[in-house]
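Worksheet: one structure, shown below.
Counting from 1, the numbers follow the sequence of the chain as shown.
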Amino acid sequence: MAAGRFTIPSEENFVAETARIGKLWGADAIRNADGTQLDEDVLALGKKIYSAYFPTRGHNEFISKRMNQTPQIYLLSQRVLAEKDTVSIPFMQCFYEEQLQANQDANPKRYWEVIDRTTGEVVDPANWEADFTLQVVKISEAIPMHEYTVTFLAYIIWDPVQMYNHLTNDWGDKEHEIPFDIRNPETQKFVMDTFRQWLKDNPQTDVVRFTTFFYQFTLVFDQKHREKIVDWFGYAATVSPEALQEFERVNGYRIRPEDFVNGGTYNSTFCIPTKPQRDWIDFVSDFVHENIKTMVDETHKSGKEAMMFLGDQWLGTEPYLTGFEKLSLDAVVGSIGDGTTTRMISDIPGVKYTEGRFLPYFFPDTFYEGNDPSIEALDNWRKARRAILRSPIARMGYGGYLSLAAKFPKFVDTVSAIANEFRDIHQQTNSEPAQGFLNIAIVNCWGKMRSWQAFTVAHALPNKYNHSYYGILEALSGMRVNVRFISFEDLLEHGIAADVDVLINAGPYNTAFTGGDIWDDSRLVSIIRSWVRSGGAFVGVGQPASSERPGRFFQLADILGVDQERFHTLSVDKYFPPVTTSHFITADLGEEAVIDFGEPVPNTYPISEDTVLIRAEDGQVQLAANDFGKGRGVYISGLPYSAANARLLERILFFAANKENQYALWSSSNPNCEIAEFVAAQRYCVINNTENPQSTVVNLPGGRQEEFNLPGSGIAWRNI
């Protein structure tokens, strides 16, 4: 098998093994791991050299003398109950003091905010004082039995990513790297001058791997060194007095501390975005883009490629945000956690190529005696492979410490097989994406900006509260459909594009994903109704199109055939028609298939006896279909990812789009196996998404069928 398309990590004093394993894996590029450098002998191996570059850390000699130029974050204290007319709030309680330090330099009366959480009112600054010796805010004229909080500015004095790596790898007394904020002109000049010098000092570097740029996503630890707040999209750590003042000058209004912490939600992507939040994202992104462009241009002047890591200090660099394509970055690399994160990377516009960093990371939390890391490697590969067939990344690789991985020969052999298969996919398909048969649009508040990022909490880590929705993206990531993300504003302004087959709205009530008060705009309801009535398809999941309006909770219940009882219409009887025992949606799942509808959505009911109930248990609807004019609606209560659930969703989409007659072609009889057709290459493949052997029958053009017997994780190629 030809070599290439593979980046291997290396480290000091590991030349011979790097050469040996690099040959096994077909590596054509070498990168240094975090906290390590590449030896001269490694540089001489003739591989393309990636050098990780951290623009805002790794220079303690500079920043330790300017600790007021570190990044800052708005933090919310614990709620404290006032039992009399005075109360003290220990603002640093529950935060990790080796990571965070309250800002004593900027006037708290101007930049902090004390709020009576019982009334929601801001406390007059004249009625509180900050005591930095005791690290408390003392409130006078408090109202007994009311809860109070303080939102305060804190310096980030330990880079969160280096800190995470430090704690995970038990680096002991290794120096804590202090981050710095380029909002300060002195620091900005230092960053740019240092980078220009680094380019001169590292002629051997071919690719500058920026990890990442300037502002860390919200990653806050508690006093027990545990993760306390993790928001991959959180902008809480992009603030400073200078930035706040500049924002006010540019936007004409003053943004509040509460606009960052939002009652303790820290504006997670589940929160419906506010105007200040959107304005701040644009404000930070404009600043970040300007400075990224400077560094990218300097990189190109030196004859090197500029690659951005999708993560860490990536705030303001979001690749689906307007303007990203103007940065002239050559590539984006990101961590591959599953199919969804693969698509988040592979679909990025405006770069020459994308690269995936596969799991497991070569860290001691996985590579320890008695563990078999190859199990995770194959599981990660199977999840990613589905998505790669639909939208290929150009390169793959791994991260961490190769010296750890080298101790596990089975893992080394497993990666060899994965790398060869990855290259073979490109060779078999000429790197084209597989054919999509339906066009799916997912509508929410964020739209294109959060493509493949909806329902994400931390990277590829759905929890019990969102796995019912994240599973939709995971299923779609490797499905034979084309997916786009649109916002409610897009829909109101432009309507629904003529080529869209199915519109999906999914999520819990009053979130950015279902829209909340956006449904009070009657135009939105009318646009979707008109489109479906004319032959479109609407699929709602969870509490879709939901709004607390009298008499109806799902504002498109007439399309879905289902609504949810909110205890206001208990006096209105509900009648459930019989559950159908035979339907296209569930036709080929097999008796052994277990459909998991996730967290229950209680008290859902059919609004008419014409609604087709496909699954209704415990007095609520899990799955239903409804005709609406020439179009169709389908309701699902939830859909965590599994092979059976992915098959269920695929059949739902073809049914909703009135294209059941097109479903059989290029389908697999076994939900654990999927098919990808490559038109230009005149090839198709069948993949086994499990670790166990699977058999399946494939339906081919002209009524032909072919049976496949695939080993665990197997793939088979045929000519069309």
Side-chain angles (χ1 to χ4, degrees), residues 268-272 340 440-447 450 452-457 462-476 483 485-488 491 502-519 524-525 528 532 537-549 552-567 585 595-607 611 613-626 632-642 645-646 648-649 652-653 656:
S268 85
T269 50
F270 278 76
C271 295
I272 295 172
T340 302
I440 311 301
I442 298 175
V443 61
N444 56 46
C445 287
W446 295 108
R450 294 277 184 256
W452 296 105
Q453 298 163 15
F455 316 119
T456 295
V457 177
N463 58 37
K464 66 171 289 187
Y465 301 107
N466 72 326
H467 75 303
S468 296
Y469 306 111
Y470 188 90
I472 297 166
L473 299 184
E474 187 63 16
L476 290 172
V483 182
F485 296 80
I486 62 174
S487 69
F488 294 114
L491 200 154
V502 183
L503 185 69
I504 297 177
N505 181 237
Y509 166 60
N510 204 31
T511 63
F513 303 115
T514 50
D517 291 344
I518 191 73
W519 295 100
L524 184 61
V525 174
I528 297 175
V532 176
F538 180 75
V539 173
V541 186
Q543 295 173 298
S546 50
S547 178
E548 293 283 8
R549 303 181 74 190
R552 181 150 285 177
F553 185 57
F554 295 170
Q555 300 307 303
L556 295 175
D558 53 338
I559 297 177
L560 297 170
V562 174
D563 201 359
Q564 184 179 10
E565 176 60 68
R566 304 290 284 182
F567 303 97
I585 288 176
I595 301 301
D596 177 7
F597 291 98
E599 300 296 313
V601 180
N603 306 326
T604 46
Y605 64 92
I607 63 169
T611 301
L613 296 184
I614 304 171
R615 181 71 65 86
E617 297 177 353
D618 301 322
Q620 54 213 18
V621 179
Q622 287 82 35
L623 177 60
N626 188 54
R632 287 172 172 171
V634 177
Y635 174 76
I636 322 169
S637 59
L639 207 74
Y641 178 73
S642 69
N645 277 11
L648 180 73
L649 180 60
I652 284 170
L653 295 175

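With a 4.5 Å cut-off on side-chain heavy atoms, Asn603 and Phe567 count as touching. At least one side-chain heavy atom of Ile652 sits less than 4.5 Å from a side-chain heavy atom of Val539. In this structure, the side chains of Thr340 and Tyr470 come closer than 4.5 Å at one or more pairs of heavy atoms. Two residues are said to be in side-chain contact when any heavy atoms from C-beta on lie closer than 4.5 Å; Trp452 and Val483 meet this criterion. Trp519 has its side chain within reach of Leu556: a pair of non-hydrogen atoms, C-beta onward, lies under 4.5 Å apart. Side-chain atoms of Ser487 and Trp446, non-hydrogen and from C-beta on, never get closer than 4.5 Å to each other. Residues Arg615 and Phe597 are in side-chain contact: their nearest non-hydrogen atoms beyond the backbone lie under 4.5 Å apart. The side-chain heavy atoms of Asn645 and Pro640, taken from C-beta on, include a pair separated by under 4.5 Å.
The aromatic ring centroids of Phe513 and Tyr469 lie 6.0 Å or more from each other. Checked against a 6.0 Å centroid threshold, the rings of Phe270 and Tyr465 do not count as neighbours.
Without hydrogens or angle criteria, Ser637 side chain to Val601 main chain gives no donor-acceptor distance under 3.5 Å. A donor-acceptor contact shorter than 3.5 Å is absent between the side chain of Glu565 and the backbone of Tyr605.
With rounding to the nearest 0.5 angstrom, the CD atom of Gln555 is 8.5 Å from the CZ atom of Arg552. One distance of note links CD of Gln453 with OG1 of Thr269; it measures 9.0 Å at 0.5 Å rounding. To the nearest 0.5 Å, atoms CZ (Phe488) and CD1 (Ile518) are separated by 7.0 Å. Rounding to the nearest 0.5 Å places CZ of Phe554 at 4.5 Å from OH of Tyr635. Put simply, CD1 on Ile440 and CD1 on Ile504 are 5.5 Å apart, with the number rounded to the nearest 0.5 Å. Annotation: the span from Leu560 atom CG to Thr604 atom OG1 amounts to 11.0 Å, rounded to 0.5 Å.
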- Message: Run Ile559 and Asn626 through side-chain contact (heavy atoms from CB on, under 4.5 Å) and show every step you take.
- Response: CA-CA 7 Å; Ile559 297 177; Asn626 188 54; 5.6 Å; no
- Item | Working for side-chain contact (heavy atoms from CB on, under 4.5 Å), residues Leu613 and Leu623 | CA-CA 6 Å; Leu613 296 184; Leu623 177 60; over 6 Å; no
- Item | Derivation of the side-chain contact (heavy atoms from CB on, under 4.5 Å) call for Ile442 and Asn505 | CA-CA 6 Å; Ile442 298 175; Asn505 181 237; over 6 Å; no
- Message: For Ile636 and Leu649: C-alpha separation, side-chain torsions, deciding distance, then whether side-chain contact (heavy atoms from CB on, under 4.5 Å) applies.
- Response: CA-CA 9 Å; Ile636 322 169; Leu649 180 60; 4.3 Å; yes
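The shortest heavy-atom contact between Ala656 and Val634 is CB-CG2, 4.1 Å. Between Gln620 and Pro600 the shortest heavy-atom distance is NE2-CB, 3.7 Å. Considering every non-hydrogen atom in both Tyr641 and Ala646, the closest pair reads CE1-CB, 3.9 Å. Minimum interatomic distance between Thr514 and Gln543 (heavy atoms only, all atoms of both residues): CG2-O, 3.2 Å. The two residues Asp596 and Gly598 have their closest heavy-atom pair at OD1-N, 2.8 Å. Counting all heavy atoms, side chain and backbone alike, Ile607 lies closest to Ala557 at CD1-O, 3.3 Å.
Contacts of Gln622 classified as side-chain hydrogen bond (donor to acceptor under 3.5 Å, both in side chains), with partners at least two apart in sequence or in another chain: none. Partners of Arg632 according to the salt bridge (Lys or Arg N to Asp or Glu O under 4.0 Å) rule, which considers only residues two or more places apart in sequence or in another chain, are Asp627, Glu660. Residues that satisfy the side-chain hydrogen bond (donor to acceptor under 3.5 Å, both in side chains) test with Arg566, not counting sequence neighbours, are Glu548.
No side-chain N or O of Glu599 forms a donor-acceptor pair with one of Ser468 less than 3.5 Å apart.
Across Thr511, Asn510, Asn444, a single residue satisfies side-chain contact (heavy atoms from CB on, under 4.5 Å) together with Ile272, and that is Asn510.
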